[in-house]
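All ligand and atom numbering here is 1-based and tracks the order in the structure.
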Amino acid sequence: MRLPLIAGNWKMNTTVDEGVSLVTRMRPLLDKINGVEKLVCPPFVSLVAVRDTLAGSTVKTGAQNMYFEEKGAYTGEISPLMLAGLCEYAIIGHSERRQYFQEAGEMINRKVKAALKAGLKPILCVGERLEENEAGKTAEVVTGHLKSALVDIKSPDGLVIAYEPVWAIGTGKAATGKQSNETIGLIRETAGKLIDKATARDMRILYGGSVTAENIAEFVSQPEIDGGLVGGASLKADQFVAIVQKTKEVKGRI
Ligand code: PGA
């Protein structure tokens with residue numbers, strides 16, 4: 001049994017005070033919902049304050065990115081050792097990092113390895129762009145992302161994969177549950193070949209891209225989809241709580 005996971009990716013939104021206020025409002029409501037793992041990924045500068053606000057709560061924290069080196073002259077970067085102990089997860093290879101910060105193959109692989117080494121659970125993002133989708137290249141792109149990101153990864157404790165079609169992110173144009181289930185099935189099969197079958201069977205794979213309280217049921221009712229990586233809707237307490245609640249209701253039934 002894979003425990004469903006709903007992860008909120010706040011991206012470059014919220015000041016420290018706004019982040020604290022957001023989790024202060026969500027916390028009592030989210031703590032009432034069991035059977036779903038709940039995660040918020042605030043900006044780096046808010047991680048400590050958000051973690052402290054969530055002390056004793058079932059809501060976990062994660063980072064949106066990290067560098068692969070442990071320390072040194074890398075001005076402006078955050079190391080896995082700084083995050084370990086502060087949060088449990090780190091999103092790696094998000095399409096916005098690929099698009100705006102030139103992250104790709106080897107760098108993403110090094111980040112996944114560094115996160116695992118530091119005891120952080122990576123949420124590795126993969127997904128095709130619109131033109132790739134329209135050219136029928138979804139399977140090729142997604143398996144390519146996995147092949148390069150998972151080089152030499154043997155026992156990825158806690159590794160989560162998020163399938164995020166780039167054309168669905170922030171556009172209000174979500175993929176369909178059926179399409180995503182097929183692609184996520186392919187991701188699981190590919191991870192099985194690259195790592196091993198048992199690991200792939202037990203690994204959580206999320207859908208991300210314009211997830212809302214209205215459409216989450218369509219995704220989590222699919223057998224391969226274990227939850228969501230939620231951007232815009234994770235910044236609204238009532239929406240995020242409703243997404244977690246719906247996930248519990250749907251996954252509780254199947
Ligand atoms: P969105 O973002 O829910 O705002 O589309 C998802 C993501 O990029 O993780």
Side-chain angles (χ1 to χ4, degrees), residues 4-14 18-19 22 26 36-44 46-47 50 59-66 87-104 108 111-112 115 121-130 132-133 138 141-142 145-146 149 159-177 179-180 183-184 187 204-220 222 225-247:
L5 169 63
I6 298 292
N9 173 12
W10 295 4
K11 309 193 180 185
M12 199 176 72
N13 295 294
T14 70
E18 287 164 350
L22 182 57
M26 290 194 300
V36 178
E37 191 173 354
K38 299 144 283 189
L39 172 69
V40 292
C41 301
F44 285 129
S46 307
L47 261 177
V50 166
V59 183
K60 297 176 173 176
T61 49
Q64 299 174 17
N65 178 36
M66 48 161 257
C87 61
E88 194 169 323
Y89 287 86
I91 298 172
I92 292 181
H94 190 278
S95 67
E96 286 148 17
R97 304 248 15 125
R98 296 178 192 258
Q99 183 179 353
Y100 303 124
F101 304 98
Q102 290 72 47
E103 287 195 16
I108 293 170
K111 289 188 175 195
V112 173
K121 297 173 179 164
I123 301 178
L124 168 67
C125 301
V126 300
E128 82 286 1
R129 289 177 288 138
L130 181 62
E132 294 164 336
N133 180 279
T138 300
V141 171
V142 165
H145 283 170
L146 291 171
L159 172 68
V160 174
I161 296 178
Y163 168 56
E164 297 207 304
V166 179
W167 47 272
I169 296 177
T171 57
K173 203 175 142 223
T176 66
Q179 276 169 356
S180 312
T183 306
I184 289 178
I187 291 173
R204 271 106 39 102
I205 310 183
L206 315 178
Y207 167 79
S210 297
V211 168
T212 62
E214 287 68 46
N215 67 18
I216 186 68
E218 178 181 346
F219 295 101
V220 292
Q222 300 288 336
I225 305 182
D226 303 312
L229 181 54
V230 185
S234 72
L235 294 166
K236 299 183 192 106
D238 55 340
Q239 276 271 328
F240 192 66
V241 171
I243 289 169
V244 174
Q245 178 62 38
K246 290 242 164 72
T247 301

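- Of the residues K111, H94, R98, the one that meets the side chain to side chain donor-acceptor pair (under 3.5 Å) test with E103 is K111.
- Heavy-atom proximity to E164, at under 4.0 Å, picks out these atoms of ligand 1: 6 (C), 7 (C), 8 (O), 9 (O).
- For F240, there are no ring-ring contact (aromatic ring centres under 6.0 Å, His included) partners two or more places apart in sequence or in a different chain.
- T61 places no side-chain N or O within 3.5 Å of a backbone atom of C87 that could act as its donor or acceptor partner.
- Contacts with ligand 1 closer than 4.0 Å are made by heavy atoms of both the backbone and the side chain of I169.
- On a distance-only criterion, G170 and ligand 1 share at least one N/O pair closer than 3.5 Å.
- Counting the atoms of ligand 1 from 1 in the order shown, those under 4.0 Å from a heavy atom of H94 are 7 (C), 8 (O), 9 (O).
- Atoms of ligand 1 found under 4.0 Å from any heavy atom of G209 (numbered from 1 in listed order, with element): 5 (O).
- Annotation for F44 and N65: closest pair CZ-O, 2.9 Å, computed over non-hydrogen atoms.
- Heavy-atom proximity to N9, at under 4.0 Å, picks out these atoms of ligand 1: 9 (O).
- Residues satisfying the salt bridge (Lys or Arg N to Asp or Glu O under 4.0 Å) test with R204, not counting sequence neighbours, are E37.
- Rounding to the nearest 0.5 angstrom, the gap separating the CD1 atom in I123 from the CG atom in L159 is 9.5 Å.
- Residue G208 has no N or O atom closer than 3.5 Å to an N or O atom of ligand 1.
- When only non-hydrogen protein atoms are considered, atom 3 (O) of ligand 1 lies nearest to G231 N, 2.8 Å.
- Judged purely by atom type and a 3.5 angstrom limit, E218 has no side-chain atom pairing as donor or acceptor with the backbone of N215.
- Inclusion of K11 in the set of residues having an N or O under 3.5 Å from an N or O of ligand 1 is warranted.
- Residue contacts with ligand 1: G232 is placed with a nitrogen or oxygen under 3.5 Å of a nitrogen or oxygen of the ligand (distance criterion only).
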